[in-house]
Amino acid sequence: MSRKKTIKQSSTQKEYSFFQDVFDVVLQIPKGRATSYGAIAKYLGTKMSARMVGWAMNASHTSSLKIPAQRVVNRNGILTGKFHFATPTLMEELLVKDGLTIKNDTIVDFKNVFWDPVIELDL
DNA sequence: CAGCTGACTTTTC
DNA sequence: CGAAAAGCCAGCT
């Protein structure tokens, strides 16, 4: 279903940011899976760039919602944003708890656990 | 309104 | 393998 537009808040919530879309997608990432910034960007639209997704994650800690940002890595499966967590090792710890294997700041067999919103949601 | 910035990606050397 | 540059675009100052 096209839940892209389901994000639309009530009239009261006039402040609508594209961050909401990113958060919504990230929150739907199943446990034990991970996706890339580019995949989310592609799902949200061609006008979206990977940097916007990463930037949205930067704002995730400001959001009241709990965003599993550890499940979002770059296209190589490298934990590029780990330094933005409370501790540089927190991101890896969270992914390990999800059942993933992290080796040298990189998700082992990333392509196997890759979760593409375009395929899992839109399709 | 204009310039900066950024948790990315791809190409090139 | 690594460093550098260019493209990308919305939000912030």
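Here the structure is a predicted model, which means the values were calculated and not measured. Numbers restart at 1 for each chain; the letters A, B, ... are given by sequence-line order, proteins then strands. Hydrogens, waters and symmetry mates play no part in the numbers below; they use all other heavy atoms, side chains included.
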Exercise. Under the salt bridge (charged side-chain N to carboxylate O under 4.0 Å, His left out) rule, what pairs show up with a residue in residues 79-92 of chain A, not counting sequence neighbours?
Worked result: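 Every pair satisfying salt bridge (charged side-chain N to carboxylate O under 4.0 Å, His left out) with a residue in residues 79-92 of chain A: A/Lys82-A/Asp105.
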
For atom [atom1] of [X] and atom [atom2] of [N], their distance in whole Å:
| X | N | atom1 | atom2 | value |
| --- | --- | --- | --- | --- |
| A/Asn58 | B/dC4 | CG | C1' | 14 Å |
| A/Asn104 | C/dC1 | CG | C1' | 13 Å |
| A/Ile40 | C/dC9 | CD1 | C1' | 16 Å |
| A/Phe18 | B/dA7 | CZ | C1' | 12 Å |
| A/Met48 | C/dG7 | CE | C1' | 16 Å |
| A/Trp55 | C/dG11 | CH2 | P | 7 Å |
| A/Leu44 | C/dG11 | CG | C1' | 16 Å |
| A/Lys42 | C/dC9 | NZ | P | 16 Å |

The side chain to side chain contact (heavy atoms under 4.5 Å, CB included) partners of A/Ser63 (sequence neighbours excluded) come to A/Phe23, A/Leu65

Worksheet entry | side chain to side chain contact (heavy atoms under 4.5 Å, CB included) involving A/Trp55 - partner list, sequence neighbours excluded |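 A/Trp55 satisfies side chain to side chain contact (heavy atoms under 4.5 Å, CB included) with A/Met52, A/Asn58 once adjacent residues are dropped.
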
Please identify each residue that fulfils side-chain hydrogen bond (donor to acceptor under 3.5 Å, both in side chains) with [X], with sequence neighbours left out.
| X | result |
| --- | --- |
| A/Asp98 | A/Arg71 |
| A/Asn104 | none |
| A/Asn76 | none |

Does anything in residues 31-41 of chain A pair up under side chain to side chain donor-acceptor pair (under 3.5 Å), and if so which pairs, sequence neighbours excluded?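 For residues 31-41 of chain A, and leaving out neighbouring residues, there are no side chain to side chain donor-acceptor pair (under 3.5 Å) pairs at all.
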
With the criterion being N/O to N/O and under 3.5 Å, what pairs connect the protein with nucleotides 9-13 of chain B, and how long is each?
unit_1	atom_1	unit_2	atom_2	d
B/dT9	OP1	A/Arg75	N	3.1
B/dT9	OP2	A/Arg75	N	3.0
B/dT10	OP2	A/Arg75	NE	2.7

Check your understanding: Hey, what else clusters with A/Leu90 if you join Ile, Leu, Val, Met, Phe, Trp, Tyr whenever side-chain heavy atoms sit under 4.5 Å?
Key ->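 A/Val73, A/Leu79, A/Phe85, A/Met91, A/Leu94, A/Leu95, A/Val96, A/Leu100, A/Ile102, A/Ile107, A/Phe110, A/Val113, A/Phe114, all in the cluster of A/Leu90.
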
Here the residues of residues 82-103 of chain A within 4.0 Å heavy-atom distance, strictly under, of DNA chain B are A/His84, A/Phe85

So, with a heavy-atom separation below 4.0 Å from DNA chain B, the residues of residues 59-69 of chain A are A/Ser60, A/Ala69

Residue pair A/Ile67 / A/Gln70: nearest heavy atoms and the distance that separates them: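 Looking at all heavy atoms of both residues, the closest pair is O-OE1, 4.4 Å.
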
Taking every heavy atom of A/Ala39 against every heavy atom of A/Val118, the minimum-distance pair comes out as O-CG2, 4.1 Å

Next on the checklist: Checking A/Gln28 against A/Asp24: is there a side-chain donor and acceptor pair closer than 3.5 Å?
Outcome noted: yes

Per atom distances to the A/Phe19 side chain, the nearest of C/dG11, C/dC9, B/dA7 is C/dG11

